[in-house]
Participant: 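Take a look at the following structure, please.
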Amino acid sequence: MISVFKIKSAIKNKVKQRKMNDQNKDQFEIRKEKLESFQSKNIEAYPNSYNKKLDAAEALRKEEGESVKVAGRIMSKRVMGGSAFCHVKDSTGKIQFYIRKNKVGPEKYNFFKEIDIGDFVGVKGELFITNTGEKTVLAEDMKLLGKSLRPLPEKWHKLQDTETRYRKRYLDILVNNDSSLLFKLRSRTISRIRSILEDKNFIEVETPMLQPIPGGAVARPFKTHHNTFDTDLFLRIAPELYLKRLLVGGWDRVFEIGRNFRNEGISTTHNPEFTMLEVYSAYTDYRFMMELSRNIISGVGEMIKEAGYEASVDLTNGWQEKNIWELMSKYTGIEFDPGDSFDELNKKADKLDIPPGKDSPEKVADRIFSKYVEPELISPTLVTGYLSKFSPLAKSSPEDERIAERFEIFIGGQEIGNAYSEQNNPLIQREIFTRQLKEKTAEPDFSDITEIDSDYIEALEYGMPPASGLGIGIDRLIMLLTGAESIREVILFPMLKPLR
RNA sequence: GGGCCCGUAGCUCAGAUGGCAGAGCAACGCCCUUUUAAGGCGUGGGUCGAAGGUUCGAAACCUUCCGGGCUCACCA
C-alpha cells in the first residue's frame, strides 16, 4: 500500500521536475546557450584558478591610482551603452568596477556584455574615484572565472522565503548579509570558546559519535548499523561517558565541541542534531564550573561587543545563583520543598493549571519550572537544588543527600547549560544505571537499549579523580547572542523534511 | 500529534463579495561612456503547491494530500 503511493508520487515528481525545468527555461536555457557559445569560441567558462591579488576589502584600502586585481561574483550590472558599472562580491565585501569600450576594446567589451549577474569574474585595473565618490576599479581586463546558470534572488528584497533560505542556505548567505554575518559570528564564538579553554590548559578531544550503548543523557537515540561488524550502533546523545573515561586515563582537563543527535521532536529550540560543548576538570567540584561557565559566557559576550554586536542580555554583569525550590515558590506563590511527595507535587501542579498524571515527579516539577520560572530568568542565573534522584551522573551534596551538586545555567529565559560534580563511585554508578535501565526499557521508545554501559563502569572501577563537568548548548548560546527566534536561524543546514 | 496561518513568474509581492492571472526586479531586443534599487522604449515568461469536488464559470469556496511558519503537546 505504502509502496504504491510512493511510486505514484515518485512519478508525479518526475513530471513536476520536468515542468520545473521548463519554467526555468528562459533564464536557465539562455545562460546555457551562452556557455555553449563561449565554448565554441574557445573561452574557458570554468578555469581552474585565477591569480587573485587582493580581497575586495583590501583593494578598497588601496589608494587612488594603484593597480589592483580582484575577483568575485557579479552582484549587479548597470550598462550604459559603451560603459558599465558592476559590483563584485567576495567573502570580504563588494567592490565596484567600471568597464569602458574605448578602454578594453570592442571585442572584450562585447564579451563583458554577455556576462550575467551571478557569474564569477576576475578584474584588474587602476583604482579611481567616481563622481559619486565610490572607489572603483577601472577595468583593463576581465576574465570569466565561473559561469552561473541560474538567476540570483532579487537584489533589493533579497531572499525572503524562510524555507528556501534554509534549504538553499548558499543563496541566503550570498544575498542576505545579516545571515552571513550571523554565521560568521557563530564561527568566531566557537573559536573564542576554544581559546578560552585552551588558555586554561584544557585540551580538545574527539570521542565516538557511533556508540554501542548511547549514554550520558536521557533521550531517544538514532539507530544505525555497521556492516562489517554486523552490529547495531547509535548516534551519540552525549559525549559525557567517553570524556570521563579520559579523566580515568589521567587527562585532567578535557573538552569537546561537537554534534549530539537526539531522535525527538523538532521545534524552535530543538534540532535533531545540535552542537554541545562539554568540559571536564579533575580535582574540582561544581563550584569550579560555576566560575568557568561565567568565564566562557562573559568572554563570548565581550567578543560580541568588540565585534560591534549587542547581545540581547548583559552576559558580563548581573550573574546570580538561585535555588530551584525558592524560585518555584517565588514565581508560583506556592511553597515548594525538595521533600515534596509525588502526591503533594501533583496537587500543587493542579492548582497551577499544570496537568498532573502518571508522569514522574521530575516531569511535573519541570513543567511547573518551565512555565512559571524559566521565562523569568533573563540575566544569567545559576540554578541549584536539583534532586539527586534525577541527576544520575552527579554526586550528592554532603550536607543534604537528596540534593545533587549540580546547577543549570539560564539566560534570556532559556536553559543554556548544565553542570555537576561527577559521580566517580563505580558501585553507586552501577546501581543507578541498573535502576535506570529497568525504568527505560519499560518505555517502548527505548526498547533498543537492553544493557548498561558496563565498559564505562569498569573504567570507573579503575578509579576516576573527583571532577566536575559542564555542558553548554552552543546553538542556544548563539541564539541568545544574536537574538535569533529559532534554532534554525543559527544552524547552517537545519533539519527539514526531505522533499520527495 | 492538536490548533492557527501561509504556498500566485527565477526573486519580492498584489489579486474584496467566484467572471479573460498582474506589478517591480531579473531575462530578451533597441537607445544610452561616471552608474549605484541607473534611466527610456518595446517583448517574452504561469498546470496560481498537488489531486478531487461544488459551479455555466474556481487562484479564490469545500475535501484530501504535499511542503513551510507560529503555537501547544512530546522532548532537554
Side-chain angles (χ1 to χ4, degrees), chain A residues 5 8-9 12-13 15-16 18-31 33-34 75-87 94 96-104 109 116-118 128-134 136 138 148-168 171 175-176 216-220 237-238 260 262-272 274 276 354-355 357 359 362-363 366-367 369-371 374 390 408 414-418 443 445 471 473 475-476 485-489 494 496-500:
Chain A
F5 176 74
K8 270 188 181 168
S9 79
K12 263 182 219 159
N13 267 304
V15 173
K16 195 179 168 189
R18 219 174 296 140
K19 277 170 187 160
M20 288 292 285
N21 288 342
D22 286 346
Q23 278 171 19
N24 285 339
K25 189 177 171 184
D26 274 343
Q27 304 200 34
F28 186 77
E29 288 300 323
I30 286 165
R31 287 178 178 219
E33 281 159 17
K34 275 186 191 173
M75 300 304 288
S76 64
K77 191 179 176 192
R78 294 177 290 277
V79 181
M80 295 151 295
S83 77
F85 285 94
C86 288
H87 273 106
K94 280 188 211 172
Q96 183 173 250
F97 74 83
Y98 178 53
I99 186 163
R100 226 164 36 182
K101 195 182 204 168
N102 63 6
K103 174 95 181 168
V104 297
Y109 190 75
D116 293 306
I117 292 172
F128 76 105
I129 310 283
T130 63
N131 288 344
T132 47
E134 181 166 348
T136 300
L138 178 60
S148 163
L149 298 179
R150 293 179 188 273
L152 257 31
E154 199 230 327
K155 61 188 168 189
W156 187 245
H157 299 91
K158 312 290 177 68
L159 187 58
Q160 296 297 330
D161 183 72
T162 313
E163 185 181 354
T164 312
R165 286 183 45 237
Y166 296 159
R167 288 195 194 275
K168 302 190 177 177
L171 292 180
V175 301
N176 295 328
V218 181
R220 278 173 290 178
I237 54 176
N260 288 351
R262 299 189 182 176
N263 205 342
E264 282 161 358
I266 294 181
S267 75
T268 42
T269 48
H270 298 261
N271 196 60
F274 61 99
M276 273 287 273
I354 300 284
D359 295 306
E362 180 203 28
K363 278 186 186 169
D366 184 57
R367 271 185 215 157
F369 185 83
S370 306
K371 185 166 173 192
E374 209 171 316
F390 305 120
E408 293 199 348
Q414 253 199 39
E415 185 199 333
I416 298 296
N418 183 14
E443 298 174 47
D445 289 335
D475 310 280
R476 291 195 184 167
E485 301 273 322
S486 163
I487 199 167
R488 290 174 164 188
E489 292 291 342
L496 296 176
K497 220 179 242 195
L499 295 172
R500 283 182 300 155

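In what follows, chains carry the letters A, B, and so on, assigned in the order in which the sequence lines appear, proteins first and then strands, with residues in each chain numbered from 1.
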Participant: Looking at B:U12, B:U71, B:U35, which one has an atom nearest to any side-chain atom of A:Thr268?
Facilitator: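 Nucleotide nearest to A:Thr268's side chain: B:U71.
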Participant: Provide, to the nearest angstrom, the distance between the CG atom belonging to A:Leu159 and the C1' atom belonging to B:U12.
Facilitator: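 In whole Å, B:U12 C1' lies 10 Å from A:Leu159 CG.
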Participant: Considering only side-chain heavy atoms of A:Ile30, which listed nucleotide, B:C11, B:A27, B:U35, is closest?
Facilitator: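 Among B:C11, B:A27, B:U35, the one nearest the side chain of A:Ile30 is B:A27.
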Participant: With a 3.5 Å limit on both atom pairs, tell me what B:G29 is paired to, counting Watson-Crick and G-U wobble, or say none.
Facilitator: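 B:G29 is paired with B:C41.
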Participant: With syn defined as a glycosidic angle within 90° of 0 and anti as everything else, classify B:A50.
Facilitator: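 Base orientation relative to the sugar is anti.
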Participant: Between B:U63 and B:C20, how far apart are the two P atoms, rounded to whole Å?
Facilitator: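 Taking atom P in both B:U63 and B:C20, they lie 25 Å apart.
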Participant: State whether A:Lys158 places a side-chain N or O below 4.0 Å from either non-bridging phosphate oxygen (OP1 or OP2) of B:G10.
Facilitator: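 False: A:Lys158 side-chain N/O out of range (4.0 Å or more) of B:G10 OP1/OP2.
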Participant: When you get a sec, tell me which of B:G10, B:U35, B:C11 is the closest nucleotide to the side chain of A:Gln27?
Facilitator: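 So the side chain of A:Gln27 is nearest to B:G10.
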Participant: Ignoring hydrogens and angles, tell me if any N or O in the side chain of A:Asp116 forms a donor-acceptor pair with the backbone of A:Pro151 under 3.5 Å.
Facilitator: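 No; zero donor-acceptor contacts below 3.5 Å.
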Participant: Is the backbone N or O of A:Ile237 less than 3.5 Å from a side-chain atom of A:Arg262, with the two atoms forming a donor-acceptor pair by type?
Facilitator: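 Judged by distance alone, yes, a pair lies under 3.5 Å.
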Participant: With sugar-phosphate meaning primed atoms plus P, OP1 and OP2, does A:Tyr166 contact a base, only sugar-phosphate, or nothing at under 4.0 Å between heavy atoms?
Facilitator: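 Result for A:Tyr166 = sugar-phosphate.
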Participant: Which is true for A:Arg167 with a 4.0 Å heavy-atom rule: it touches a base, it touches only sugar-phosphate, or it touches nothing?
Facilitator: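 It contacts sugar-phosphate atoms only.
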Participant: Check A:Ala219 against A:Glu264 and note the closest heavy-atom contact, atom names and distance.
Facilitator: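 Scanning both residues, the minimum pair turns out to be CA-OE2, 3.2 Å.
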Participant: Using purine N1 to pyrimidine N3 plus N6-O4 or O6-N4 for Watson-Crick, or N1-O2 and O6-N3 for G-U wobble, each under 3.5 Å, what pairs with B:C11?
Facilitator: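 Because both required distances fall under 3.5 Å, B:C11 counts as paired with B:G24.
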Participant: Is A:Val175 touching bases, backbone alone, or none of the nucleic acid, heavy atoms closer than 4.0 Å?
Facilitator: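 A:Val175: no heavy atom of the nucleic acid under 4.0 Å.
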Participant: Go ahead and name the base partner of B:G67; Watson-Crick or wobble counts if both distances stay under 3.5 Å, otherwise write none.
Facilitator: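 Across all strands, the one nucleotide that pairs with B:G67 is B:C6.
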Participant: Please name the pair of heavy atoms, one in A:Tyr109 and one in A:Ile99, separated by the smallest distance, quoted to 0.1 Å.
Facilitator: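 In terms of heavy atoms, the two residues are closest at CE1-O, 3.8 Å.
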Participant: For A:Lys34, which contact category applies under a 4.0 Å heavy-atom criterion: base, sugar-phosphate, or nothing?
Facilitator: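 Here A:Lys34 touches the backbone only, sparing every base.
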Participant: To the nearest angstrom, how far is A:Lys77 atom NZ from B:C32 atom P?
Facilitator: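 Taking atom P of B:C32 as the reference, NZ of A:Lys77 is at 16 Å.
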Participant: Specify the separation, in whole Å, of atom CZ of A:Phe28 and atom C1' of B:C28.
Facilitator: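 It works out to 18 Å between those atoms.
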Participant: Watson-Crick or G-U wobble partner for B:C48, using a 3.5 Å limit on both distances?
Facilitator: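 B:C48 is unpaired by these criteria.
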Participant: Calculate the interatomic distance between A:Leu152 atom CG and B:U12 atom C1'; express it in whole Å.
Facilitator: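 In whole Å, B:U12 C1' lies 14 Å from A:Leu152 CG.
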Participant: Give me the distance, rounded to whole Å, that separates B:A37 from B:G44 when you measure between the P atoms they each carry.
Facilitator: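 Result for the P pair: 29 Å, nearest Å.
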Participant: What's the closest nucleotide to the side chain of A:Ser83 if the choices are B:C28, B:U33, B:U35?
Facilitator: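 Of the options given, the side chain of A:Ser83 lies nearest B:U33.
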Participant: Write down the partner of B:C61 under the Watson-Crick or G-U wobble criteria, each distance required to be under 3.5 Å.
Facilitator: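 Pairing partner: B:G53.
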Participant: Think A:Thr136 has a side-chain N or O under 4.0 angstrom from the OP1 or OP2 of B:U35?
Facilitator: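 Result: no.
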Participant: For the NZ atom of A:Lys94 and the NE2 atom of A:His87, what is their distance to the nearest 0.5 Å?
Facilitator: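 Those atoms lie 7.0 Å apart.
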Participant: Taking the C1' atom in each of B:G1 and B:G46, what is the distance between them to the nearest angstrom?
Facilitator: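 Result for the C1' pair: 36 Å, nearest Å.
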Participant: Measuring from atom CG of A:Asp161 to atom CG of A:Leu171, what distance do you get when rounded to the nearest 0.5 angstrom?
Facilitator: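 It comes to 11.5 Å.
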Participant: So A:Asn102, base contact, sugar-phosphate only, or nothing? Heavy-atom distance under 4.0 Å.
Facilitator: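 Base: the residue A:Asn102, judged by heavy atoms under 4.0 Å, touches a nucleobase.
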Participant: Answer yes or no: side-chain N or O of A:Glu154 and base N or O of B:A26 forming a donor-acceptor pair under 3.5 Å.
Facilitator: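 When only heavy-atom distances are counted, A:Glu154 does not reach the base of B:A26 through any donor-acceptor pair under 3.5 Å.
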Participant: Can you tell me, in whole Å, how much space there is between the P of B:A16 and that of B:C74?
Facilitator: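 Per the computed distance, 42 Å lies between those P atoms.
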Participant: Once you apply a heavy-atom cut-off of 4.0 Å, does A:Lys103 come out as touching a base, just sugar-phosphate, or nothing?
Facilitator: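 Contact class for A:Lys103: none.
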Participant: Spell out yes or no: do the side chain of A:His270 and the base of B:C75 have one donor N/O and one acceptor N/O closer than 3.5 Å?
Facilitator: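 Check passes, donor-acceptor contact within cut-off.
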Participant: Of the nucleotides B:U33, B:U35, B:C32, which has the atom closest to the A:Val79 side chain?
Facilitator: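 Output: B:C32.
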Participant: Between B:A59 and B:C66, how far is it from one P atom to the other, in whole Å?
Facilitator: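 These two P atoms come out 23 Å apart once rounded.
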Participant: Consider the side chain of A:Ser486, meaning its heavy atoms from C-beta on, and name the nucleotide among B:C70, B:U33, B:C75 that approaches it most closely.
Facilitator: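 Given the options B:C70, B:U33, B:C75, the side chain of A:Ser486 is closest to B:C70.
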Participant: What is the minimum heavy-atom distance between A:Arg31 and A:Ile117, and which atoms define it?
Facilitator: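 Closest pair (atom of A:Arg31, atom of A:Ile117, distance): NH2-O, 3.0 Å.
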Participant: Taking only side-chain nitrogens and oxygens of A:Lys101, does any of them come within less than 4.0 Å of OP1 or OP2 of B:U33?
Facilitator: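 The answer is no; no side-chain N or O of A:Lys101 sits under 4.0 Å from OP1 or OP2.
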Participant: Closest to the A:Lys497 side chain: B:C74, B:G68, B:U33?
Facilitator: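 Per side-chain heavy atoms of A:Lys497, the pick is B:G68.
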Participant: Is A:Glu415 touching bases, backbone alone, or none of the nucleic acid, heavy atoms closer than 4.0 Å?
Facilitator: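 Base: the residue A:Glu415, judged by heavy atoms under 4.0 Å, touches a nucleobase.
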Participant: Would you say B:G68 has OP1 or OP2 under 4.0 Å from some side-chain N or O of A:Arg165?
Facilitator: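 For B:G68, OP1/OP2 do not have a side-chain N/O of A:Arg165 under 4.0 Å.
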Participant: I'd like to check A:Phe85 versus A:Met80 (side-chain heavy atoms, cut-off strictly below 4.5 Å). Are they in contact?
Facilitator: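 With C-beta onward as the side chain, the pair touches.
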Participant: Tell which nucleotide pairs with B:C74, taking only Watson-Crick or G-U wobble pairs whose two distances are both under 3.5 angstrom.
Facilitator: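 Answer to the pairing question: none, since B:C74 forms no Watson-Crick or G-U pair.
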Participant: Send over the distance from A:Trp156 CH2 to B:C13 P, rounded to a whole Å.
Facilitator: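 Taking atom P of B:C13 as the reference, CH2 of A:Trp156 is at 14 Å.
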Participant: Kindly indicate whether the side chain of A:Glu134 and the base of B:U35 share any N or O donor-acceptor pair separated by less than 3.5 Å?
Facilitator: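 It does not, because no donor-acceptor pair links the side chain of A:Glu134 to the base of B:U35 below 3.5 Å.
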Participant: Checking contacts here: which listed nucleotide (B:G68, B:C74, B:C32) is nearest the side-chain heavy atoms of A:Met80?
Facilitator: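 So the nucleotide nearest the side chain must be B:C32.
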